[in-house]
Amino acid sequence: MEADDAVDNSRPKKRRRVEKGDANEAIVIESSTESEPESLSSPRSNLIGTTRPNPPAINLSLTPELPPAPEYDDFTGDSIKVLTLEWYLDSVKAGVLLPTKNYVVFEGRITGKPNPLIQSPRKILRRENLISQAKGDTPPRGQPLYKHGPRWAISKSPAQPPRLMHQTSSEHDRAVALPPLPPSLCSIYSCQRSTPAQSPNADFIAQLYIIKHARKLDRDDRGISALAYSKAIASIQAYPYTLTSPEEVARLPNCAERYAEIFQEWKETGRVQEVQQIETDERMKSLTEFYEIYDVAEKTARQFYARGWRDLDDVISQGWDTLTPNQQIGVKFYDDFKEKIPRDEVERIAAIVLRYANQVREGFHMVIVGGYRKGKTMCGDVDVILSHPDEDATDHVVEQIVWNLAEDQWITHRLTVSTANSERGQQTINWRGGMSKTRGRGFCTLDKALVVWQDAELAKNPDPGRRNPRRRVDIILSPWKTAGCAVLGWSGGTMFERDLRKYCRNVKGVKFDSTGVRRLSDGTWLDLEKGANDLLEKEKKVFEGLGLEWRDPEERCTG
DNA sequence: GCCT
DNA sequence: CAGTACG
DNA sequence: AGGCCGATACTG
């Protein structure tokens, strides 16, 4: 291999070069050893993973509410607790009375303010619901059934009433009756909502996104401020109606005063002052350019700026040697990595990966996850999950696959490779009761390689008229037992995934990550995927096992 | 910035 | 250790 | 007032 990709420690010629050269020695994938017998021929039919075999097997065992949820002595106590609305909703959802630990508003004494006239509209609403529901009332409902919440429609759950009018008479009489809040927005967990990519409020969301982005770059608060915006955006993204008033905004989860304000300004003036400023801010422009380099995030971007650099050319000419190897790759392929990848190319790349996997060992299953699975027409990268029904088949396979792909020039660089799971023998062990904290031991992770991809055919027969853009490809090897968790963990937007973890922890008393589900109490592993015969079926089982209603990947677009 |  | 990346 | 996903995992 090599030729085109010979070691090249030189900086790219200022003006971002596409093509050519490696960042430096660290990135070349050495390949020698004899090549594998070219036994191509790829019979695999479970190819693209978008296969919708849709096993009607609903599995009746969704009843045994999995983790006996810790502490049920909750309800035997003699203290009086006021719980949040979420506790009620979550409990309804879960079908059992959940531990109250994470939902207690007040304990011991009831600080109930039966007449909350102070506070924002939304807070009032929340309290009212909370109080009435804590008393066991069935809140007013009479909502029609919504397409977005079949679950709620059929459940006896109190279809969420929050309307403005609930407020004590006066003030908001004129508040037009808002469209009923889709019941799913009742949940604070975005993994319980339908969040499609399309939104009637896309323009408003775009404003929020700009502010969020600016917060991330120019504020040193560990991304907390930006996180708030991400949560708000995720809520609005799930709202199926065009927003018309600040109040309508403020009743959504994670959207309070600040967002009502922004909305009002946007509604009234057609723009948002802060956004305007951001858009004309030269510093933001520089920071953004830096931030878009792979392996450069907000800290490094600010650092670059502080050194007096203002654009990519400055980075290359003044700082090349200070860049990490990965950052150098990021700079070299700056334009390529920003370029989106059409779905058919994603499929082509994935098929090649699968072919090489099956060359190492027959019988791999694959699902394309990431943006592709969420339905994006243009993807930022390619993410595939590979798994094999044979227990031991995923051991060290990543290295093998990556090696072979590199040898054939599909892969030109590796950004990261992890083999932690293989090293350990892929046991799904518990982390408590064993040695846990110790990094690198006692834990279970996925084998994974993040690599830089090119079209090998084109590389071998260059066509002057055709570019060969580099792509980032994430190859994930999952043990079969928990492959459904891997698929689930890689098929949602960031907020969906974070909320999924939070939901599991707070509501189900388990820890979820892409390597499996474990009891919080003792760390023992829970097998939620028993009996499933393919990756998508396994993912469905994980939903069931977690007490979650199924969401199509296209409805996990929380950003 | 919102929630508890 | 801090910083970054992944969804 | 204190938390915000992962007792992430990797890199340097």
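Order of the sequence lines sets the chain letters (A, B, ...), proteins ahead of strands, with each chain counted from 1.
- Within the nucleic acid shown, A:Asp474 comes within 4.0 Å of sugar-phosphate atoms alone, with no base atom in reach, counting heavy atoms only.
- Checking C:dC6, C:dG3, C:dA5 against the side-chain heavy atoms of A:Lys299 singles out C:dG3 as nearest.
- A:Leu227 pairs by the side chain to side chain contact (heavy atoms under 4.5 Å, CB included) definition with A:Lys231, A:Met495, A:Arg498, not counting sequence neighbours.
- Here the P atom of nucleotide B:dG1 and the CZ atom of A:Arg215 are 5 Å apart, to the nearest Å.
- Among D:dC10, C:dA5, C:dG7, the nucleotide with an atom closest to any side-chain atom of A:Tyr294 is C:dA5.
- For the salt bridge (charged side-chain N to carboxylate O under 4.0 Å, His left out) test, no residue two or more places apart in sequence or in another chain qualifies with A:Asp295.
- You'll find that the side chain of A:Asp513 is closest to D:dG6, out of D:dG6, B:dC2, C:dC6.
- Scanning for side-chain hydrogen bond (donor to acceptor under 3.5 Å, both in side chains) contacts around A:Asp381 gives an empty result, with sequence neighbours left out.
- Atom CD in A:Glu497 sits about 14 Å away from atom P in C:dC6, given to the nearest Å.
- Closest to the side chain of A:Pro325, from the set D:dG12, C:dC6, B:dG1, is D:dG12.
- Ranking C:dA5, B:dC2, B:dG1 by closeness to the A:Ala228 side chain, first place goes to B:dG1.
- In this structure, A:Ile233 places its CD1 atom 21 Å from P of D:dC4, rounding to the nearest Å.
- The side chain of A:Lys374 has C:dG7 as its nearest neighbour among C:dG7, B:dC2, C:dT4.
- Between the CD1 atom of A:Ile236 and the C1' atom of B:dG1 there is a distance of 13 Å, given to the nearest Å.
- For A:Tyr209, the OH atom is loosely surrounded, since the number of other residues' heavy atoms within 6.0 Å does not exceed 12.
- Comparing B:dG1, C:dG3, C:dC6 by their nearest atom to the side chain of A:Lys448 picks out C:dC6.
- Within the nucleic acid shown, A:Leu488 has no heavy atom closer than 4.0 Å to any nucleic acid atom.
- Aromatic ring centres of A:Phe263 and A:Phe204: separated by under 6.0 Å.
- Nearer to the 5' terminus of DNA chain D, by closest-nucleotide assignment, is the contact made by A:Leu227 (compared with the other of A:Thr416 and A:Leu227).
- Residue A:Arg505 places at least one side-chain N or O under 4.0 Å from the OP1 or OP2 atom of D:dG6.
- Backbone-only engagement by A:Arg472 is indicated by non-hydrogen atom pairs under 4.0 Å involving sugar-phosphate atoms exclusively.
- Across all strands, A:Phe496 comes closer than 4.0 Å to no nucleic acid atom at all (heavy-atom distances).
- Closest contact between the side chain of A:Asn254 and the listed nucleotides B:dC2, D:dG12, C:dA5 involves B:dC2.
- For the pair A:Arg556 and A:Trp490, the cation-pi test (distance below 6.0 Å, angle within 45°) is failed.
- The ring-ring contact (aromatic ring centres under 6.0 Å, His included) check on A:Phe512 picks up nothing, with sequence neighbours excluded.
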Once Watson-Crick and G-U wobble pairs under 3.5 Å are found, how is DNA chain D written in dot-bracket notation, 5' to 3', with | for any base paired to another strand? ||||||.|||||

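- For the pair A:Asn506 CG and D:dG6 C1', the computed distance is 14 Å after rounding to whole Å.
- To the nearest angstrom, C1' of D:dC4 lies 16 Å from OH of A:Tyr229.
- Regarding contacts with the backbone of D:dT8, every side-chain N or O of A:Arg501 stays at 4.0 angstrom or more from both OP1 and OP2.
- Ranking D:dC10, D:dC4, D:dG12 by closeness to the A:Ile224 side chain, first place goes to D:dC4.
- Comparing the C1' positions of D:dG6 and C:dT4 gives an interatomic distance of 14 Å, to the nearest angstrom.
- Look at CD on A:Glu257: it is 9 Å from C1' on B:dC2, rounded to the nearest Å.
- In this pair, A:Phe333 and A:Phe337 present their aromatic rings tilted. The plane angle is within the 30 to 60° band.
- A close approach under 4.0 Å does not occur between any side-chain nitrogen or oxygen of A:Ser418 and OP1 or OP2 of D:dA9.
- Atom P of nucleotide B:dT4 and atom NZ of A:Lys502 are separated by 9 Å, given to the nearest angstrom.
- Within the 4.0 angstrom heavy-atom criterion, no nucleotide atom of any strand lies near A:Ser225.
- For A:Tyr259, the ring-ring contact (aromatic ring centres under 6.0 Å, His included) test picks out A:Tyr229, with sequence neighbours left out.
- Listed nucleotides D:dC10, B:dG1, C:dG7 differ in distance to A:Asp381; the shortest reach to its side chain belongs to C:dG7.
- Using a 4.0 Å heavy-atom criterion, one finds that A:Val296 contacts the sugar-phosphate atoms exclusively.
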